[in-house]
Amino acid sequence: MLRAPRGTNDILPPESHKWAYIEALLRRLSKIYNFEEIRTPMFEHTELFARAVGEATDIVRKEMYTFKDKGGRDLTLRPEGTAPVARAFLERGLAGGPLPRKLFYLGSMFRYEKPQAGRYREFVQYGVEILGSPSAYSDAEVILLGVRIAEELGLTGTTLYINTIGCPECRKAYREDFLKHVSDRAGELCQDCRERLEVNPLRILDCKNQGCREAVADVPLMQDHLCDDCRRHWAALQEILTSLGIEYAVDPTLVRGLDYYTKTVFELKWPPLGAQDTVIAGGRYDGLVEELGGKPCPGVGFAAGVERLILAAEKGERPLMPEVSIDCFVLFPDSEDRRIPEAGFKLLVDLRRAGISGDFDALGRSVKAQMKHADRLNARYVAILGEEEVRQGLVTIRSMEHGWQKQVPTGQVVDFLKEEVSGGSS
RNA sequence: GUGAAUGUAGUUCAGUUGGUUAGAACGCCAGAUUGUGGCUCUGGAGGUCGUGGGUUCGAGUCCCAUCAUUCACCCCA
């Protein structure tokens, strides 16, 4: 049998209803925080990610779906959303508009990774970006939105980790200091970390290997090497969070995997998810726009994995239980007398025109079977048109919830149901 | 990319030391006197036992490969 490619998912009912619910929630919160939607292409020139995300990162080195199109262009299915947003921001002249610009995106990302619960090759990210604001309040605003999403999904026990990784200037100085301490103990490092020593030494900090942890245990901290600007920003962010009573943990080993981050980085974790427990993660990227060829323009944002949000919500306090129902099922026998099915189908058409959701049995089944079907579709009402009804110009309306039945003149059925459905009387 | 576990009807699972027509529950379809759902009862449909090789008189059961899922590492959302 032909199967869907590895790491992809078919989202069918009732899961698709959960997706619709979460997407609506994310859009609603975006509106409250005044983020507007941006939609960028699913693929970009490979160079965009190579430059923005960084040649040394795992994403660029081994996780991209890269291909050449028939015109020989070197393209890549987007592995993340920030670089494309920054590109569009520049290319479409948003940099010249009112600042800061607050945008959100919601769509598929692609990474060639080994799939696991909460990790897929095609996955959906919701993300927000604030471009043009250097303020720590913007960092806070983005973090607050992330925390709010978790709250609204009923996730209790999330932990917010924050850290600062400085700017290129102070990081350069820190890096030398860091290297001095670590290189004498290079022998204790794992294979990966020896490579990191060359390409991206700070990542040794978040290696889980015992030897590596010991090797960097007494290493100087970034926090103590910040330049004035970065130190002020870092202090300001913590003051804001504290003043709002937001609980957070400073994690000096928090170093994100994408090169464009500067100053603030943060992650929101929810442990019950297992190994892939980061639900939302982001940070500041003050150098990205410039890196892409624009004038310097600060930015902050985060990305959330929608699959993980759903997975978490399911395990959380308030599992997603979408109620799927239709207003009215129109029941009519497949009679020799064509007037009966014609009247039934016409009623269905009229109901739908009036905005009442409805369905019928297309398989010509028995009345009993149709009732059963109506029940499974979770119909609130059933409109019955049998020989009797059609002859008398009536329709029998049955409330599936209460069990009562009423005979209503055909011409009044639409109005009657409109009233009922809008929750008028019982 | 590394290590490990799993893979039997739509779904969740049973299938004894390899041995005749592969089972259950739920779901689905159809019935249980008069056109009417949810409960109950009866019957029915539905499985190339992930796929491809191999061992054997004989394999769902053993071996190899492959694909997929899950867990840990890695990485991250």
Side-chain angles (χ1 to χ4, degrees), chain A residues 1-9 12 53 57-63 78-82 105-127 146 149 190-193 195-196 200 203 206-210 212 254-258 265-270 273-282 301-312 329 331-335 340 361 363 365-390 396-405:
Chain A
M1 200 202 299
L2 205 50
R3 304 222 261 167
R6 183 166 208 202
T8 62
N9 285 112
L12 17 110
V53 177
T57 61
D58 280 23
I59 291 178
V60 172
R61 279 180 17 194
K62 42 194 190 194
E63 295 176 0
R78 62 183 183 194
E80 62 99 47
T82 301
Y105 59 85
L106 179 62
S108 287
M109 303 296 160
F110 305 84
R111 302 218 294 231
Y112 188 84
E113 289 190 276
K114 190 154 174 175
Q116 191 174 324
R119 188 167 78 184
Y120 311 99
R121 288 184 173 178
E122 178 182 5
F123 59 103
V124 176
Q125 276 190 345
Y126 162 80
I149 289 168
C190 68
Q191 194 55 45
D192 286 341
C193 284
E195 272 179 48
R196 286 182 183 130
N200 195 352
R203 302 232 53 203
D206 68 355
C207 184
K208 284 158 194 99
N209 192 293
Q210 189 61 31
C212 303
L254 178 59
V255 182
R256 312 244 40 253
L258 287 72
V265 292
F266 73 94
E267 287 187 2
L268 193 68
K269 293 192 177 218
W270 197 65
L273 237 29
Q276 313 301 327
D277 65 349
T278 301
V279 158
I280 292 169
F302 72 65
V306 179
E307 287 84 355
R308 286 184 192 177
L309 291 178
I310 291 174
L311 240 41
F329 183 90
L331 188 157
F332 51 88
D334 188 19
S335 169
I340 294 170
D361 173 49
L363 302 181
R365 283 182 286 208
S366 69
V367 170
K368 193 188 180 81
Q370 290 196 39
M371 280 300 287
K372 228 176 165 176
H373 195 222
D375 187 44
R376 263 183 320 232
L377 295 181
N378 209 357
R380 296 176 61 195
Y381 299 90
V382 173
I384 303 165
L385 288 90
E387 286 179 37
E388 298 274 311
E389 285 87 350
V390 173
T396 299
I397 303 297
R398 178 182 179 84
S399 162
M400 294 298 269
E401 188 187 350
H402 304 288
W404 55 251
Q405 295 197 173

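So you know, we letter chains A, B, ... as the sequences are listed, proteins then strands, and number each from 1.
Partners of Q276(A) according to the side-chain hydrogen bond (donor to acceptor under 3.5 Å, both in side chains) rule, which considers only residues two or more places apart in sequence or in another chain, are R308(A). In this view, R398(A) satisfies the salt bridge (charged side-chain N to carboxylate O under 4.0 Å, His left out) rule with no residue, not counting sequence neighbours. Residues that satisfy the ring-ring contact (aromatic ring centres under 6.0 Å, His included) test with F302(A), not counting sequence neighbours, are absent from this structure. Here E122(A) pairs with S108(A) under the side-chain hydrogen bond (donor to acceptor under 3.5 Å, both in side chains) rule; sequence neighbours left out. For R256(A), the side-chain hydrogen bond (donor to acceptor under 3.5 Å, both in side chains) partners two or more places apart in sequence, or in a different chain, are Y261(A), E267(A). Partners of T396(A) by side-chain hydrogen bond (donor to acceptor under 3.5 Å, both in side chains), not counting sequence neighbours, listed by chain and number: E389(A), Q407(A).
Going from the P atom of G1(B) to that of U66(B) covers 12 Å, rounded to whole Å. Straight-line distance between the C1' atoms of U21(B) and G47(B): roughly 14 Å, to the nearest whole Å. Taking the C1' atoms as reference points, U11(B) lies 25 Å from U16(B), given to the whole Å. When the P atom is compared between C74(B) and C13(B), the two are found 29 Å apart, to the nearest whole Å. Comparing the same atom, P, in U36(B) and in G60(B) gives a spacing of 47 Å after rounding to whole Å.
Comparing R376(A) and R398(A) by the nucleotide of RNA chain B whose heavy atom lies nearest to each, the residue mapping closer to the 5' end is R376(A).
In secondary-structure terms, RNA chain B builds stems of at least 3 consecutive Watson-Crick or G-U pairs, each pair having both distances under 3.5 Å, at B:1-7 with B:67-73, B:10-13 with B:23-26, B:28-32 with B:40-44, B:50-54 with B:62-66.
Under 3.5 Å, the side chain of E389(A) and the base of G35(B) form at least one donor-acceptor pair of N or O atoms.
Remark: C1' of G37(B) and NE2 of H373(A) are 12 Å apart, rounded to the nearest angstrom.
The side chain of V367(A) lies closest to G35(B), out of C76(B), G35(B), A77(B).
At least one donor-acceptor pair closer than 3.5 Å links the side chain of R119(A) to the backbone N or O of K114(A).
Among residues at least two apart or in separate chains, side chain to side chain donor-acceptor pair (under 3.5 Å) pairs with a member in residues 365-377 of chain A are D361(A)-R365(A).
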N/O-N/O pairs, protein side and nucleotides 68-71 of chain B side, under 3.5 Å:
unit_1 : atom_1 : unit_2  : atom_2 : d
U69(B) : OP1    : G7(A)   : N      : 3.0
U69(B) : OP2    : R6(A)   : NE     : 2.8
C71(B) : OP2    : A117(A) : N      : 2.6

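For R203(A) and C76(B), the shortest distance from a side-chain N or O to OP1 or OP2 is below 4.0 Å.
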